[in-house]
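Index from 1, following the sequence. Remember, predicted model here, so these are calculated numbers, not experimental data.
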Amino acid sequence: MALIAEERKQIVTKNARHDKDTGSPEVQVALLTARIAEVADHLQGHAKDVHSRRGLLMMVGRRNRLLKYLAVTNPEGYQKLIAKLGLRK
C-alpha cells in the first residue's frame with residue numbers, strides 16, 4: 001500500500017520548487033494525494049477496513065490543512081497545484 005521509491009521520486013520532481021526540494025507544501029500535498037488515491041482504491045474492495053478508513057480521513061485532513069496554508073501564503077501556487085492534481089476546491 002505504500003508508495004514505491006521510484007513513484008515518490010517522480011512525484012517529488014514534478015512538484016518541487018527547486019532541485020533539492022522535498023518538503024515544500026506542494027510536494028507534501030502531491031504525495032498525500034497519491035497515498036489517498038491508493039487507500040481509497042483499497043477501501044473499494046475492503047469496505048469494513050475501519051482502521052484504513054481512519055488513516056484515510058487523517059490524510060485528507062492533513063492535505064486540507066496544507067492546502068489552506070498554501071492558499072494563504074502563495075495563492076498563485078495554490079491555484080496551479082489544484083489544477084495540476086485535479087482537486088476540487
Inset, instruction - Determine whether N15 and L31 make a side-chain contact, defined as any pair of heavy atoms from C-beta on separated by less than 4.5 Å. - result: no
Inset, instruction - Measure the shortest side-chain to side-chain distance between R65 and P25 over non-hydrogen atoms and say whether it is less than 4.5 angstrom. - result: no
Inset, instruction - Could you grab the distance from atom CD of Q28 to atom CG of L70, nearest 0.5 Å is fine? - result: 10.5 Å
Legend entry - Joint cluster assignment, L32 & L87, ILVMFWY side-chain distance < 4.5 Å: yes
Legend entry - CD-CD distance between Q10 and E7, expressed to the nearest 0.5 angstrom: 7.5 Å
Inset, instruction - With the side chain counted from C-beta on, respond yes when T33 and I11 share a heavy-atom pair under 4.5 Å apart, and no when they do not. - result: no
Legend entry - Joint cluster assignment, Y69 & V27, ILVMFWY side-chain distance < 4.5 Å: no
Inset, instruction - Could you tell me the separation between the CG atom of L85 and the CZ atom of R63, rounded to the nearest 0.5 Å? - result: 8.0 Å
Legend entry - CD1-CG distance between I36 and D41, expressed to the nearest 0.5 angstrom: 13.5 Å
Legend entry - Flag, side chain of R53 to backbone of A47, donor-acceptor distance under 3.5 Å: yes
Inset, instruction - Give the minimum heavy-atom separation between L43 and S52, together with the two atoms involved. - result: CD2-CB, 4.1 Å
Inset, instruction - Enter the distance from R62:CZ to R35:CZ here, rounded to the nearest 0.5 Å. - result: 7.0 Å
Inset, instruction - Measure across K84 and K14 and return the closest heavy-atom pair with its distance rounded to 0.1 Å. - result: NZ-O, 3.2 Å
Legend entry - Nearest-0.5 Å distance that lies between atom CG in L66 and atom NZ in K68: 11.0 Å
Inset, instruction - For P75 and V72, work out which heavy atoms get closest and say how close. - result: CD-O, 4.3 Å
Inset, instruction - Mind checking ring pair (Phe, Tyr, Trp, His ring centres under 6.0 Å) for H46 and listing every partner two or more places apart, or none if nothing turns up? - result: H42
